[in-house]
Amino acid sequence: MLPPLAPADEKLLLNYADPEARMAVVPAAGTLLALLDNAEFHGVLPIMLRKLREAGDAHLPQDPALQARLTELREASTLVTGQSMLLQYHGERIMKALAAKDIPARIVKGPVFARKLYKHVSDRPFTDIDILVEPASINDANQVIAASGFELHSGEAQSHDLQEFKRLEKENSSLLIELHGNLVHDSGMRRRLSLGFRELQAIDGAGTDTPAALLTIAIVHAAGGHKFHRLQLCVDVLQGVRALPSPEAEAQLLEAARMTGIELELATVLDVTGRLFDEARALDLADRIKPDLGIRLARRLITRETLLGVNSRDKMRSRLRRDAFRWIQRLARPRPYRA
């Protein structure tokens with residue numbers, strides 16, 4: 001369980017987690033240690049460490065326990081950055097092999113988010129490479145990845161059901177490639193929403209990795225793949241909102257939500273992200289989806305307390321709220337879509 005944070009300390013955590021927010025005043029050593037533990041759990045530690053480094057160690061409490069912990073975390077962060085670089089190498093190698101076999105594919109999430117959404121690439125390390133292909137190409141793509149030295153680590157029947165195949169490198173099991181036929185893995189939800197290779201092509205239009213497509217992926221990742229289990233998911237969404245360059249891109253995002261069926265997810269994720277980080281644009285976009293009963297219930301369930309309580313003394317309450325949200329997703333009816 002994570003060290004508890006007072007409301008003022010939770011506000012500090014959100015400040016440290018925001019890649020573009022000016023760093024607040026550095027707290028006392030004990031509070032800073034608790035914030036570091038929380039930031040590590042929530043996947044935003046690289047951002048916090050960068051901000052502390054930019055402020056300079058002379059401005060930090062001169063506490064031996066804090067200094068030792070910072071040294072430990074900085075060394076681990078360097079290793080994570082190296083792991084991300086190694087994963088990216090293997091991802092690019094596999095993409096070349098897929099192209100040689102005429103299998104259309106694209107890398108999504110981790111390295112793309114880091115490169116496209118974050119000013120400092122090291123703010124967004126990643127622990128795997130996600131490759132998206134057409135469902136009809138799953139078997140051929142699996143063969144290519146296997147020939148590249150990655151063995152299937154997930155059950156084959158379950159992988160087909162989830163449209164997600166986890167493969168580990170034979171010589172280094174810390175290297176994970178995930179092959180997807182759809183970024184929505186819950187088969188019960190897939191009757192209403194879907195985000196696959198063709199949908200992303202339609203969202204991108206003539207472009208590649210457009211802001212609307214990246215934000216759509218981030219929203220599905222937060223609410224469709226995971227269940228708001230850490231703050232990093234909302235930081236990706238926050239950066240995705242900031243990357244939208246124009247009202248036309250906002251309209252493209254809302255059209256993508258209607259086409260893919262993720263209006264419930266978009267309204268919920270943008271609402272909680274806007275409230276966490278005081279991002280008015282996210283709140284405005286969330287309000288542009290006409291709320292139905294599902295959206296109203298989801299907004300009451302997925303709150304700041306729900307996200308920050310994932311591994312706290314209130315973790316059972318957070319878990320129940322997130323589980324209830326998943327049931328709302330499964331029971332929600334598809335909205336009519338006219339292209």
Side-chain angles (χ1 to χ4, degrees), residues 40-47 76-99 103 105-118 121-133 135 137-138 141-156 158-186 195-197 200 209 213-214 216-237 239-240 310:
E40 183 178 28
F41 174 84
H42 281 286
V44 296
L45 181 64
I47 304 168
S77 180
T78 300
L79 293 176
V80 169
T81 300
Q83 180 84 346
S84 295
M85 293 173 66
L86 185 57
L87 279 164
Q88 189 159 352
Y89 161 76
H90 284 288
E92 291 170 356
R93 182 171 65 88
I94 290 170
M95 289 295 289
K96 289 178 181 177
L98 290 167
I103 301 173
R106 63 191 292 167
I107 292 177
V108 295
K109 296 186 285 191
V112 184
F113 285 171
R115 187 178 70 253
K116 292 277 191 176
L117 300 182
Y118 290 78
V121 175
S122 59
D123 280 356
R124 182 51 167 88
F126 41 93
T127 56
D128 60 13
I129 294 291
D130 296 276
I131 297 175
L132 180 66
V133 299
S137 300
I138 281 283
N142 263 315
Q143 291 177 12
V144 170
I145 297 173
S148 301
F150 286 78
E151 298 178 320
L152 186 63
H153 190 65
S154 53
E156 191 160 352
Q158 182 186 34
S159 297
H160 276 286
D161 180 58
L162 296 175
Q163 290 286 288
E164 178 188 42
F165 295 78
K166 297 179 183 291
R167 289 186 168 273
L168 298 178
E169 213 268 338
K170 293 177 182 177
E171 305 299 326
N172 183 353
S173 61
S174 70
L175 299 176
L176 172 63
I177 301 292
E178 293 191 355
L179 177 67
H180 306 267
N182 199 301
L183 295 180
V184 179
H185 300 141
D186 189 304
L195 188 60
F197 191 87
L200 283 177
D209 294 326
L214 295 180
T216 301
I217 293 169
I219 289 167
V220 169
H221 189 214
H226 298 282
K227 289 188 296 186
F228 300 98
H229 74 294
R230 60 182 189 165
L231 200 53
Q232 183 196 61
L233 299 168
C234 287
V235 178
D236 286 341
V237 172
Q239 293 300 96
V310 168

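The basis for the numbers below is simple: all heavy atoms, side chains too, and nothing from hydrogens, waters or symmetry mates.
Rounded to the nearest 0.5 angstrom, Asp128 CG and Ser174 OG are separated by 11.5 Å. For the atom pair Leu175 CG and Gln83 CD, the distance stands at 5.0 Å (nearest 0.5 Å). Atom CG of Leu132 is separated from atom CD1 of Ile217 by 7.5 Å, given to the nearest 0.5 angstrom. Rounded to the nearest 0.5 angstrom, Arg167 CZ and Ile131 CD1 are separated by 11.0 Å. Taking NZ of Lys166 as the reference point, atom CG of Asp130 lies at 8.0 Å (rounded to 0.5 Å). Between Glu178 atom CD and Phe165 atom CZ the span is 12.0 Å, to the nearest 0.5 Å.
Residues Leu86 and Asn172 have side chains in contact (heavy-atom distance under 4.5 Å, counting atoms from C-beta outward). The closest side-chain heavy-atom distance from Arg115 to Asp209 is below 4.5 Å. In this structure, Asp123 and Val235 have side chains that are not in contact, with every pair of non-hydrogen atoms separated by 4.5 Å or more.
Each side chain to side chain donor-acceptor pair (under 3.5 Å) pair with one or both residues in residues 222-237, not counting sequence neighbours, appears once here: Tyr118-Asp236, Arg124-Asp236, His221-His226, Lys227-Asp323, Arg230-Gln232.
Considering only residues two or more places apart in sequence or on other chains, Phe228 meets the ring pair (Phe, Tyr, Trp, His ring centres under 6.0 Å) condition with Phe325. Applying the side-chain contact (heavy atoms from CB on, under 4.5 Å) test to Leu168 and every residue at least two apart in sequence or in another chain returns His153, Ser173, Leu176. Under the ring pair (Phe, Tyr, Trp, His ring centres under 6.0 Å) criterion, His180 pairs with His185, sequence neighbours left out. Take Pro111 and apply the side-chain contact (heavy atoms from CB on, under 4.5 Å) test, not counting sequence neighbours, and it matches Gln88, Ile107, Phe126, Ile129.
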message: Walk me through whether Leu45 and Val80 qualify under side chain to side chain contact (heavy atoms under 4.5 Å, CB included).
response: CA-CA 11 Å; Leu45 181 64; Val80 169; over 6 Å; no
Query raised in the report: Would Ser159 and Ser154 satisfy side-chain hydrogen bond (donor to acceptor under 3.5 Å, both in side chains), going step by step from the backbone distance to the final call?
Result: CA-CA 6 Å; Ser159 297; Ser154 53; 2.6 Å; yes
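Considering all non-hydrogen atoms of both residues, Pro135 and Gly181 come closest at CG-O, 3.6 Å. In terms of heavy atoms, Ala141 sits closest to Ile103 at N-CD1, 3.9 Å. Leu233 and Ala222 make their closest contact through CB-CB, 3.8 Å (heavy atoms, listed as atom of the first residue, atom of the second, distance).
Only one option out of Val133, Leu152, Val144 pairs with Leu179 in a side-chain contact (heavy atoms from CB on, under 4.5 Å); it is Val133.
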Hey, can you pull the donor-acceptor pairs under 3.5 Å for the side chains in residues 91-98, sequence neighbours left out?
from  : atom 1 : to     : atom 2 : distance (Å)
Arg93 : NH1    : Ser148 : O      : 3.3
Arg93 : NH2    : His90  : ND1    : 2.9
Arg93 : NH2    : Ser148 : O      : 2.9

